[in-house]
Amino acid sequence: MEEPGQLKRALLDATAGAIAGGISRTVTSPLDVQLEPTASWALIRRGLSGSSKYTGMFQATKEIFREEGLPGFWRGNVPALLMVMPYTAIQFAVLHKLKTFVSGSSKTADHINLSPYLSYISGALAGCAATVGSYPFDLLRTILASQGEPKIYPNLRSATFDILRTRGFRGLYAGLSPTLVEIIPYAGLQFGTYDTFKRWCMAWNNLRSSSISSTTGDSLSSFQLFICGLAAGTCAKLVCHPLDVVKKRFQIEGLQRHPKYGARVEQRAYRNLFDALHRILKSEGWHGLYKGIVPSTIKAAPAGAVTFVAYEFTSDWLESIFTST
């Protein structure tokens with residue numbers, strides 16, 4: 001089968017990545033609407049009266065459904081799609097280009113034979129490129145989803161103009177440094193472990209196929225791809241969650257939301273990443289760095305799995321179209 005040219009290949013990977021990201025985000029959006037703390041500890045530490053609005057995942061689900069109905073579970077999904085689709089488009093396009101460069105082949109089948117450390121490095125660099133390219137949308141999505149009621153910003157446009165007015169263009173990249181520090185290990189672990197789990201599954205398939213004289217050992221089922229993606233997303237999230245907590249603190253600096261939706265983070269509350277880690281540990285303990293780890297992992301693991309499966313199938317489908325024309 002003839003390989004598509006470089007431009008066609010990049011367009012193929014970017015399109016498949018954008019579609020996969022959109023599918024994943026829409027499917028898992030209900031798992032991502034509750035970004036506020038699910039405990040009153042942060043409020044107590046700051047001497048605020050009342051309790052946090054959400055005390056647990058199930059209570060949060062009931063509260064969101066009571067207040068907003070089913071549409072509430074997709075609150076902020078449009079700006080999230082604007083962030084996720086460019087992110088995954090850039091990520092998979094850059095990832096394939098990097099793997100093509102280090103392997104000397106543009107064939108996806110040859111990339112699985114890369115050494116593990118090259119898979120980790122390629123994933124980390126692709127994640128960095130995608131983060132820089134799509135960061136303003138990530139910032140706006142976090143702000144819109146975290147503001148609570150009454151809403152500070154009614155829509156994406158008002159949030160964008162207010163940030164530009166009060167903080168300038170640099171305000172759209174608030175928290176970029178801790179985000180890049182987070183994305184290097186996160187994307188590296190996610191893509192590296194995904195490739196590793198795929199190799200293990202292929203080895204298992206080859207072992208089984210040799211015993212039954214089958215020739216399908218190198219092909220993975222959609223279920224196996226899903227499990228590989230699920231395991232990769234879980235590993236990456238469990239390791240990198242504290243950095244995600246710090247990133248979100250930087251992103252919502254100065255957001256004047258009601259305390260029941262989570263303690264406010266004052267403007268320039270943290271000097272840098274290490275100062276934020278130190279202050280969170282001092283005021284909230286280790287619990288503060290792993291706040292929301294359960295719902296975050298429940299969201300991140302299936303999101304990664306759906307993204308990988310959707311990308312694999314969409315990429316194969318688009319490649320068959322490009323190579324047949």
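Counted within 6.0 Å of CZ on F101, heavy atoms from surrounding residues, nucleotides or ligands total 12 or fewer; the atom is thus considered open.
Looking only at distances, no side-chain donor or acceptor of H111 sits under 3.5 Å from a matching main-chain atom of H96. No donor-acceptor distance shorter than 3.5 angstrom exists from the side chain of R199 to the backbone of N113, with no hydrogens or angles considered.
Applying the ring pair (Phe, Tyr, Trp, His ring centres under 6.0 Å) test between Y194 and each of F226, F308, W200 identifies F308 as the sole match.
Applying the side-chain contact (heavy atoms from CB on, under 4.5 Å) rule to L125 yields the partners L98, I121; only residues at least two apart in sequence or on another chain are considered. Applying the side-chain hydrogen bond (donor to acceptor under 3.5 Å, both in side chains) criterion to S158, with sequence neighbours excluded, gives N155. In terms of the salt bridge (charged side-chain N to carboxylate O under 4.0 Å, His left out) criterion, R157 has no residue partners (sequence neighbours excluded). Partners of S221 under the side-chain contact (heavy atoms from CB on, under 4.5 Å) rule, at least two apart in sequence or in another chain, are F223, Q224. Residues satisfying the ring-ring contact (aromatic ring centres under 6.0 Å, His included) criterion with W204, sequence neighbours excluded, are absent altogether. Residues passing the side-chain contact (heavy atoms from CB on, under 4.5 Å) test with L11, sequence neighbours excluded: T15, F322. When the salt bridge (charged side-chain N to carboxylate O under 4.0 Å, His left out) test is applied to K97, no partner is found at least two apart in sequence or on another chain. Every residue was checked against the side-chain hydrogen bond (donor to acceptor under 3.5 Å, both in side chains) condition with T26, not counting sequence neighbours, and none meets it. Residues satisfying the side-chain contact (heavy atoms from CB on, under 4.5 Å) test with A14, not counting sequence neighbours, are A89, A93. For D162, the side-chain hydrogen bond (donor to acceptor under 3.5 Å, both in side chains) criterion is met by Y153, R165, not counting sequence neighbours. By the side-chain hydrogen bond (donor to acceptor under 3.5 Å, both in side chains) test, S119 is found to be paired with D195, residues two or more places apart in sequence or in another chain being considered.
Taking every heavy atom of both residues into account, R9 and S106 meet most closely at NH1-O, 4.3 Å. Scanning both residues, Y186 and A300, for their nearest heavy atoms gives OH-CB, 4.0 Å. Across all non-hydrogen atoms, the minimal contact from C128 to I184 is SG-CG1, 3.4 Å. Contact detail for T234 and A301: the closest heavy-atom pair is OG1-CB, 3.2 Å. Nearest approach of A129 to V94, heavy atoms of both residues: CB-CG2, 4.1 Å. Nearest heavy atoms, A16 versus L318: N-CD1, 3.8 Å.
Under the 4.5 Å side-chain contact rule for hydrophobic residues, L243 and V294 share a cluster. The hydrophobic clustering, which links ILVMFWY residues whose side-chain heavy atoms are closer than 4.5 Å, places L140 and L180 together. Under the 4.5 Å side-chain heavy-atom criterion for Ile, Leu, Val, Met, Phe, Trp and Tyr, F137 and I183 are members of the same hydrophobic cluster.
Here the CG atom belonging to L95 is positioned 13.0 Å from the CD1 atom belonging to I90, to the nearest 0.5 angstrom. Taking CG from L220 and CG from L225, the interatomic distance works out to 5.0 Å, rounded to the nearest 0.5 Å. How far NZ of K99 is from CG of D110: 12.0 Å, rounded to the nearest 0.5 Å. Note: I23 CD1 to T314 OG1 = 5.0 Å, rounded to the nearest 0.5 Å. Distance check: F313 CZ to S222 OG gives 4.5 Å after rounding to the nearest 0.5 Å. Rounding to the nearest 0.5 Å gives a distance of 13.0 Å between CZ of F191 and OG1 of T196.
L189 belongs to a hydrophobic cluster whose other members, connected by ILVMFWY side-chain contacts under 4.5 Å either directly or through intermediates, are Y120, V239.
If you check the side chains of D13 and Y311, you find a donor sitting under 3.5 Å from an acceptor.
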So L139 and T179, side chain to side chain contact (heavy atoms under 4.5 Å, CB included) or not? Walk me through it. CA-CA 10 Å; L139 174 78; T179 301; over 6 Å; no
I would like to know whether M202 and I112 meet side chain to side chain contact (heavy atoms under 4.5 Å, CB included); could you show each step before the answer? CA-CA 10 Å; M202 286 180 179; I112 197 65; 4.1 Å; yes
Could you check I293 against V245 for side chain to side chain contact (heavy atoms under 4.5 Å, CB included), going step by step and ending with a plain yes or no? CA-CA 9 Å; I293 181 65; V245 169; over 6 Å; no
Under the side chain to side chain contact (heavy atoms under 4.5 Å, CB included) rule, what do S105 and T100 come out as? Steps first, then yes or no, please. CA-CA 5 Å; S105 172; T100 296; over 6 Å; no
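Using a 4.0 Å cut-off between a side-chain N of Lys or Arg and a carboxylate O of Asp or Glu, K198 and E312 qualify as a salt bridge.
Looking at D244 and K237, their side chains come closer than 4.5 Å, going by heavy atoms from C-beta outward.
In this structure, F92 has its ring center no closer than 6.0 Å to that of Y87.
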